[in-house]
Amino acid sequence: MLSTAARPYIEASVPVLQAHGLAITTTFYKNMFNAHPELKNLFNMGNQANGSQQQSLAAAVFAYAANIDNAQALQPVIDRIVHKHAAVGIKPAHYPIVGRHLLGAIAEVLGEAATPPLIAAWDEAYWLLAGEFIAAESRLYQSTGYAADQWIETRIVETATVAEGVLSIVLAAAEGETLPAFKAGQYISVAVTLPDGSRQIRQYSLSDAEQKTTYRISVKREAGGTQMPQGTVSNWLHQYANVGGQLLVSHPYGEFTPDLNNSEPLVLISAGVGITPMLAMLKTLVQRQSTRGIWFLHAGRSLQYVPHLEELGASQQSLPQLNLALYLEDQPVVETAVSVHNGRMRLAEWPFNAALNAQYYLCGPLPFMIEQWQALLALGIPAQQIHREVFGPESLNQAG
């Protein structure tokens with residue numbers, strides 16, 4: 001618990017962080033990477049180049065200060081970030097480095113306003129949070145049996161183009177071995193060495209039900225940008241992930257995992273490549289011959305942009321109670337094995353009466369998820385029944 005001496009300084013920091021948070025985090029990353037360039041291997045340098053990682057950390061620091069006494073808001077976010085950290089191999093030794101440079105950035109940006117008591121308060125608050133992360137990550141590593149930065153060597157046994165710009169990659173375990181089990185909705189990290197010798201790590205949701213000896217990911221080729229493009233790893237995989245090749249992957253992680261064994265209705269809402277964890281959930285339900293009520297709603301540009309379209313149709317044949325609908329912006333209604341609607345997904349126009357007691361899972365671009373989240377709340381769906389696959393800092397925007 002934060003000390004009574006530190007508390008007023010943290011509370012007073014909320015408006016300061018709103019005003020200077022981005023400058024602080026930009027300075028933090030610049031100074032840390034200058035001192036420890038090896039840490040670039042753990043960070044998404046595409047997000048560094050476009051500024052989104054700096055903005056995300058600024059939101060996290062602000063949200064932590066604003067919710068310092070709101071354990072109900074902080075704990076789910078901490079759990080989610082812990083899984084992200086484990087997926088890239090964060091170790092206890094990284095925390096002193098981050099703490100030193102974060103406090104240094106606060107002092108550098110705020111200047112004389114960064115008084116010794118203010119810095120001391122943030123040092124205390126940082127180590128309270130870091131201690132929770134370190135303990136939770138240790139428990140997670142122990143539960144999986146995999147140490148930090150321990151990677152699994154897999155070989156590529158199948159690739160296929162499953163939609164416009166989306167490549168399906170099936171990975172097999174080494175000869176005679178099985179891959180770690182996973183829950184539908186989880187992801188793995190993929191580590192690749194780029195042509196310039198740098199290493200980058202990205203997370204990809206597993207897109208199939210558990211098969212014991214294989215994992216499947218479905219990778220969208222992301223558009224490039226300036227400096228290091230945002231789609232550096234996805235473009236590398238599209239170019240170099242060939243049958244017979246090898247990929248290093250992490251143990252599966254992630255908290256976006258519905259209980260697929262109970263009987264309550266389940267509504268899966270996705271857009272774009274956000275369909276991938278939903279596919280793993282749906283195919284697991286098919287595998288178990290579930291009898292629960294299931295709604296699968298997906299938004300996309302047109303049929304050619306819907307990954308694994310044929311698997312959706314097959315799932316509907318296997319689960320008669322499945323309500324499956326596609327919302328396609330650039331395609332008129334056509335005769336297909338699944339229900340197709342022309343235009344954007346508008347949940348307010350959807351007959352939800354039968355699913356008010358359901359659990360809702362959202363995955364897709366952030367604006368899409370915010371729109372659907374707000375629509376569900378407007379329909380009377382309690383917030384605790386709505387779950388999203390997002391990074392921790394953003395989710396605190398919904399904290400009370």
Side-chain angles (χ1 to χ4, degrees), residues 2-3 5-70 73-74 77-78 80-82 84-85 88 90-134 137 225-228 230 366 390-399:
L2 195 66
S3 69
R7 186 174 303 279
Y9 290 98
I10 299 301
E11 291 174 348
S13 298
V14 173
V16 175
L17 292 173
Q18 277 187 305
H20 301 286
L22 184 57
I24 290 170
T25 57
T26 300
T27 301
F28 157 71
Y29 281 119
K30 175 175 66 70
N31 293 345
M32 185 177 69
F33 288 146
N34 283 341
H36 295 276
E38 73 279 4
L39 293 183
K40 292 181 179 180
N41 288 341
L42 297 177
F43 288 83
N44 184 324
M45 298 310 293
N47 288 341
Q48 283 288 320
N50 65 29
S52 62
Q53 200 153 45
Q54 295 87 329
Q55 293 171 341
S56 182
L57 179 59
V61 174
F62 165 71
Y64 178 51
N67 293 275
I68 194 71
D69 290 322
N70 190 352
L74 286 174
V77 178
I78 290 172
R80 187 174 292 116
I81 295 175
V82 162
K84 298 289 184 183
H85 282 182
V88 298
I90 296 295
K91 304 175 182 177
H94 293 130
Y95 284 93
I97 298 171
V98 171
R100 182 169 65 252
H101 288 284
L102 182 59
L103 294 175
I106 292 173
E108 182 176 337
V109 171
L110 298 187
E112 293 183 358
T115 62
L118 177 69
I119 295 299
W122 267 103
D123 183 61
E124 180 183 331
Y126 171 79
W127 279 108
L128 279 174
L129 183 61
E132 289 193 52
F133 280 138
I134 291 169
E137 286 155 17
T226 58
Q227 299 177 32
M228 178 173 284
Q230 185 177 6
L366 184 55
V390 294
F391 285 94
E394 190 279 331
S395 65
L396 273 175
N397 292 339
Q398 302 294 338

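Predicted model only: the values in this text are computed from it and were never measured.
Contact of the Val88 side chain with the Phe43 side chain is not registered, since no non-hydrogen atoms from C-beta on lie closer than 4.5 Å. Taking 4.5 Å as the limit, some side-chain heavy atom of Leu118 sits within range of a side-chain heavy atom of Leu110.
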Could you pull out every donor-acceptor pair under 3.5 Å between side chains of residues 33-40 and any protein atom, sequence neighbours left out?
{"residue": "Asn34", "atom": "ND2", "partner": "Lys30", "partner atom": "O", "Å": "3.2"}
{"residue": "His36", "atom": "ND1", "partner": "Glu38", "partner atom": "OE2", "Å": "3.1"}

Run the numbers on Tyr95 and Ile90 for side chain to side chain contact (heavy atoms under 4.5 Å, CB included), then give the verdict. CA-CA 9 Å; Tyr95 284 93; Ile90 296 295; 3.8 Å; yes
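Here the straight-line distance linking atom OG1 of Thr27 with atom CD of Glu108 works out to 5.0 Å at 0.5 Å rounding. Note that CD1 of Ile78 and NE2 of His85 are 11.0 Å apart. Values are rounded to the nearest 0.5 Å. Taken from CG in Leu42 to NE2 in His94, the straight-line distance is 5.0 Å, to the nearest 0.5 Å. To the nearest 0.5 Å, the span separating CG on Leu102 from CE on Met32 amounts to 9.5 Å.
Listed here is the closest heavy atom pair of Ala5 and Pro8: O-CD, 3.6 Å. Taking both residues in full, the closest heavy atoms of Ala114 and Ala107 are given as CB-CA, 3.7 Å, listed atom of the first, atom of the second, then distance. Looking at every heavy atom in both residues, Ala125 comes nearest to Ile10 through CB-CD1, 3.9 Å. Closest non-hydrogen pair, Thr25 versus Leu22, comes out as OG1-O, 3.1 Å. When every heavy atom of His101 is checked against every heavy atom of Phe28, the shortest pair comes out as C-CD1, 3.5 Å. For the pair Arg7 and Leu2, the tightest heavy-atom approach, listed with the atom from each and the gap, is NH2-O, 3.2 Å.
A side chain to side chain donor-acceptor pair (under 3.5 Å) check over residues 110-127, counting only residues at least two apart or in different chains, returns the pairs Ser3-Glu124, Ser13-Trp122.
Taking the side chain to side chain contact (heavy atoms under 4.5 Å, CB included) definition, one finds that Gln18 meets it with Phe62, sequence neighbours left out.
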